[in-house]
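Residue indices begin at 1 and follow the sequence shown.
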Amino acid sequence: MSNFETVSVDEVPADALVLDVREDYEFEEGHVPNAVHIPLGDLPLRVDELDPDVDTYVICRTGGRSAQAAAWLVGQGYTAFNIAGGSGAWLDAGKPLESENGQEPTVR
């Protein structure tokens with residue numbers, strides 16, 4: 001695994017590219033507005049959807065899958081940061097979330 005930096009939700013720039021690597025049902029229930037959604041298992045096949053010249057902030061539910069994704073992305077030449085605590089920390093910090101299912105956004 002390659003080295004990557006872990007940042008808190010407060011360190012994520014407002015205009016950051018956020019990559020959500022959770023499964024479809026998790027993303028639909030609640031995610032960072034404008035996040036790019038590529039489930040972790042699909043990342044090797046869909047990595048070309050990301051710009052290697054843009055810093056990528058990776059998020060999942062608690063930080064485990066995003067750490068794997070960030071390490072893999074760095075190994076591929078991308079600049080990637082793991083968001084500590086994931087979507088749960090994002091929600092706890094009062095950061096905005098939106099859902100795709102028309103219901104109040106949740107994290108699970």
Side-chain angles (χ1 to χ4, degrees):
M1 290 262 170
S2 300
N3 291 332
F4 61 90
E5 187 176 339
T6 297
V7 299
S8 73
V9 295
D10 292 327
E11 294 175 284
V12 178
D15 61 347
L17 168 62
V18 176
L19 170 63
D20 192 318
V21 296
R22 294 176 301 149
E23 296 300 319
D24 291 341
Y25 73 92
E26 294 173 291
F27 183 82
E28 290 169 3
E29 290 180 0
H31 60 271
V32 174
N34 301 313
V36 173
H37 178 231
I38 303 176
L40 181 60
D42 294 345
L43 189 56
L45 299 173
R46 296 179 54 193
V47 69
D48 291 341
E49 294 176 30
L50 301 173
D51 185 342
D53 297 325
V54 173
D55 291 349
T56 302
Y57 291 79
V58 190
I59 197 167
C60 64
R61 184 174 58 87
T62 59
R65 288 174 283 181
S66 56
Q68 292 175 35
W72 186 82
L73 285 167
V74 168
Q76 304 303 307
Y78 289 74
T79 302
F81 302 90
N82 180 40
I83 300 175
S87 297
W90 190 272
L91 181 64
D92 290 345
K95 301 280 187 182
L97 287 175
E98 61 185 24
S99 71
E100 299 294 310
N101 61 13
Q103 297 177 6
E104 187 71 26
T106 60
V107 174
R108 69 173 180 132

Should [X] and [Y] be regarded as members of a common hydrophobic cluster, given that ILVMFWY residues are connected when their side-chain heavy atoms come within less than 4.5 Å of each other, either directly or indirectly?
X: V7; Y: F4; result: no
X: L45; Y: L50; result: no
X: L40; Y: I38; result: yes
X: V58; Y: W72; result: yes
X: W90; Y: F81; result: yes

Which atoms form the tightest heavy-atom contact between [X] and [Y], and what is the distance?
X: P105; Y: G30; value: CB-CA, 4.1 Å
X: V21; Y: A69; value: CG1-CB, 3.9 Å
X: G88; Y: V107; value: N-CG1, 3.8 Å

Carboxylate-amine/guanidinium contact E29 R22, below 4.0 Å
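Not counted as a salt bridge, because no side-chain N and carboxylate O are separated by less than 4.0 Å.
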Working to the nearest 0.5 Å, report the span between CG of L17 and OG1 of T79.
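Going from the CG atom of L17 to the OG1 atom of T79 covers 11.5 Å.
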Report the distance from atom CZ of R61 to atom CZ of R108, rounding to the nearest 0.5 Å.
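Rounded to the nearest 0.5 Å, the CZ-CZ separation comes to 10.0 Å.
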Side chains of [X] and [Y] in contact at under 4.5 Å (non-hydrogen atoms):
X: P39; Y: H37; value: yes
X: L73; Y: L43; value: yes
X: K95; Y: D10; value: yes

Take atom CG of N34 as the centre, draw a 6.0 Å sphere, and report whether it contains more than 12 heavy atoms from other residues, nucleotides or ligands.
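No.
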Could you point out which residue of I59, I83, V36, V32 forms a side-chain contact (heavy atoms from CB on, under 4.5 Å) with L19?
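One option only clears the test, and that one is V36.
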Can you check whether V47's main-chain N or O pairs, donor with acceptor, with Y78's side chain at less than 3.5 Å?
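Such a contact is found between Y78 side chain and V47 backbone.
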Okay, side chain of S87, backbone of C60: is any donor-acceptor separation there less than 3.5 Å?
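Yes; at least one donor-acceptor contact below 3.5 Å.
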